[in-house]
Every structure is written in structure tokens, then in C-alpha cells.
Amino acid sequence: MNRKYNFNAGPAALPLEVLEQAKQELTEYGGLGMSLMEMSHRSKPVERMMEETQQLLADLLGLPAGYQVLFMGGGASTQFALIPMNFLTEGKVGQYVLSGSFSDKAYQEAATIGETAAIASGKADKWRKLPDIGGLGAEERAAYVHLTTNNTIEGTQFRALPDAGAVPLIADMTSDMLSRKLDWTKLGFMYAGAQKNLGPAGVTVAIVRDDLLKTSADRRIPTILKYATFASNQSLYNTPPVHSIYVMKLVLEWTKRQGGVEEMARRAAERTGLLYETIDASGGFYIGFAERGDRSLMNVTWRMQDEELEQRFVREAELAGFEGLAGHRSVGGLRASAYNAVPVRACEALVDFMRDFQRRNG
Ligand SMILES: *Cc1c(COP(=O)(O)O)cnc(C)c1O
């Protein structure tokens, strides 16, 4: 087998063990004479698989009582619209922290639905640094505060959740969910498209506190767009993306075997530590994009002296077996996305390549 060092931003690397197990069970699941993909979503095996996945996620995240785990479709981008539809009630304002292009998209989408306000923005700094978010939730009319915890494209991250007081904090954790312990007392709602840290594309996890479900239930919006509908039907109101949920379950089991979120946090620090040290020790050959204090432990972004050199880096890296290192088109440069399933040795190999490339081109 010739697997590449996969630094894709999303969809992204999955643990090999997970792919092997999915392959094994693809044609016949649990001795039941058919694939899980061929079973009714109303059948016991599918129901059980969904329940076990919810439970695993709750255990890994240390989820307290009073929250529901939902499995939805449409990706994180659909949540950008569903959040204001479900929670932005009459006379209220949806407050947004703008810290990167995904948070900006969430904000723009909400503005088509109701009254919104940007309460902090890093746009003027080209998203290289996180905006100051002291005094969150001070506005009396705030329906919620929306925050993107990890800015996938720019490579910055809020390492700790802010305190929004009585205002529900809503977090887009698409690119750093399951990478660290969470303080649930601060969170009203969180969501993540699975294709970065959790599994394959197709399923989006939403975790919602009961008081917000009540708000959702009372809204006059289509049934299929209500979180309350998913909650009261165990995410089986309509056909869920069964196969994606199943592969996510395998990823969660793998995460547990590895030592859970504490171990994921330790590995993330080790992986990105290697990369940031190499950037910082390069004497300006590699130039970190994100402000040092705000650096992400998931997506490492950097530039080089000129674009020609950056393109050569990407080309040569590809030949050496590294995939996905070109930066997002809005930032340029390079980006290494090192999610949970990326082994530390892939980052060791990458820093070897970076040092060698500098020796040859510096
Ligand atoms: C990738 C990403 C999204 C978009 O996810 P889709 O599932 O493609 O809609 C949104 N927010 C963040 C933080 C992301 O990293």
C-alpha cells in the first residue's frame, strides 16, 4: 500500500484502521446478510448504531445532561442558515464574532434572515489575528453569540471558550471538535461538519441545550429545518446519512482507543509544535501567517518569499508524497491541516522535507 502523507483541509485524513474496518464490514454488517447501507433506517441495527454513536460522542466530549446530540445533513454551511432560523427570535440580534472567512459567511447568511451585529472583527488584520472578545454578550437584545473556534483557512484558533454570560454561546467547531476538552457550562450550541476531525463528509453533528430546543420548537419555520424535530425523533425524522454516521462511529471508537480527547490534544500540540518550530527557526525563509499567540493547533499556515517559490514547494512536496499543502486561494501560501487522524510521523516527515527544501533553495 502506498498511502500519502495527507494534509488535506477537508475532507481530510481518516485513520487507516477505520478505513480497513469499514472495508471489512462494507458488504455484510454484523452477520446480517447485507450492508448497513442497504438496511432500512428504521431497522434495529441502524437505530442501535445511531444511539451508540451519540453515546460515544457524549462520552468523549464529557457532555453533561441537558444537551441533545443531533445528526444532520447539509454540512456546516447549512447550519449558518438554520441557526438564525431557529434561534433568532423577534426583536433580538444575532451577534457574530468575525475571526475568519467561515465566520464571515455565517454572519452574511444570518443577515438574510434577521437582525445581526458583528461584535468583533479581525477582517482589517486580514484575519491574521483574533479579534478581542472581552465583554461578550453585553447587549441585552442578543439572541446568541456566534463564534468560530478554529479558523480553518487562516490558521488561528480560540484556545479557550469565552464567557458570554446569560447569552447562549454558539460555536462552529467544524475544524477542531474532538481535539480538546470543552467547558460545557459556556456552550449553548455547537456544530461541526464531520469531514475534518470526525469522519467523512455527509453528516453534521449539532449539540443543542434543552432551553434552545424549546426556542426552536416554538418557531414558525418548516418542520424539517427545526432542531426540535431532529431532537424529538432521534435524528430519524427522515433518512439520515447512515453510512457517514457509521464511519464517524468507527472514528469515535478509534479516538477512544487512542486515549480520548486528552490524547488528541497532546498529539495536536506535538504535531503543530514541530511545524511552528521549523517555521520559526527558518530565519524568515518560512513566514508564519497567523499571529503567534493566536496560532491554530489544527491548521498551520505560512508564506514564503515569493509565489514562485511557494509553487515549487507544493510541486516538490507532492512528488515526495505530501498531499494538500497549497494554502486556501484567499490566503495563498501553504497550509498543513493536521487533524486528529494525521499521525505525528507525517509531521516529522514534513519538517524533514521543509528543512531539506530550505537547504536547497534558501
Ligand atoms: C469547512 C468548514 C465549514 C464549511 O463546512 P461545509 O460542511 O463544507 O459546509 C464551516 N466552518 C468551518 C470552521 C469549517 O472549517
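Counting starts at 1 for both ligands and their atoms, following the listed order. Small disclaimer: the values here were computed from a predicted structure and weren't measured. Residue numbers start at 1 and run along the sequence shown.
If you check which protein heavy atom lies closest to atom 9 (O) of ligand 1, you get Ser77 OG, 2.6 Å. When only non-hydrogen protein atoms are considered, atom 4 (C) of ligand 1 lies nearest to Phe102 CE2, 3.6 Å. Of all protein heavy atoms, the one lying nearest to atom 15 (O) of ligand 1 is Thr152 OG1, 2.4 Å.
When non-hydrogen atoms are compared, ligand 1 lies under 4.0 Å from the side chain of Gln195 (C-beta onward) but not from its backbone. Under 4.0 Å from ligand 1, the heavy atoms of Thr148 that appear belong solely to its side chain. No part of Tyr191 comes within 4.0 Å of ligand 1, judged by heavy-atom distances.
Between the side chain of Asn197 and the main chain of Asn340, a donor-acceptor pair closer than 3.5 Å is present.
Ligand 1 places these atoms under 4.0 Å from at least one heavy atom of Phe80: 10 (C). Interface atoms of ligand 1 facing Lys196, defined by a heavy-atom separation under 4.0 Å, are 1 (C), 2 (C), 3 (C), 14 (C), 15 (O). Atoms of ligand 1 lying under 4.0 Å from any heavy atom of Asn150, numbered from 1 in the order shown and given with element: 13 (C). Here is the list of ligand 1 atoms found below 4.0 Å of a heavy atom in Ser175: 15 (O). Taking a cut-off of under 4.0 Å to the non-hydrogen atoms of Gly75, the atoms of ligand 1 that pass are 7 (O), 9 (O).
Side-chain N/O atoms of Gln79 and Thr204 include no donor and acceptor closer than 3.5 Å.
The pair Arg180-Glu262 does not count as a salt bridge, with every side-chain nitrogen at least 4.0 angstrom from each carboxylate oxygen. Of the charged side-chain nitrogens involved, none lies within less than 4.0 Å of a carboxylate oxygen, so that Arg48 and Glu52 do not count as a salt-bridged pair. A salt bridge links Glu115 to Arg141: at least one charged side-chain nitrogen sits closer than 4.0 Å to a carboxylate oxygen.
Taking all atoms of both residues into account, the shortest heavy-atom contact from Ala217 to Lys226 is O-NZ, 2.9 Å.
For the pair Val261 and Ser179, the minimum side-chain heavy-atom distance is 4.5 Å or more. Looking at Met354 and Ile279, their side chains come closer than 4.5 Å, going by heavy atoms from C-beta outward.
Here's the thing with Asp172: one of its N/O atoms is less than 3.5 angstrom from an N/O atom of ligand 1. At least one N/O-N/O distance between Ala76 and ligand 1 falls below 3.5 Å.
Using a non-hydrogen distance threshold of 4.0 Å, Thr78 does not register as a contact of ligand 1.
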Discussion item. Between Gln68 and Tyr227, does the side chain to side chain donor-acceptor pair (under 3.5 Å) criterion hold? Intermediate values first, please.
Written reply: CA-CA 10 Å; Gln68 307 300 321; Tyr227 293 115; over 6 Å; no

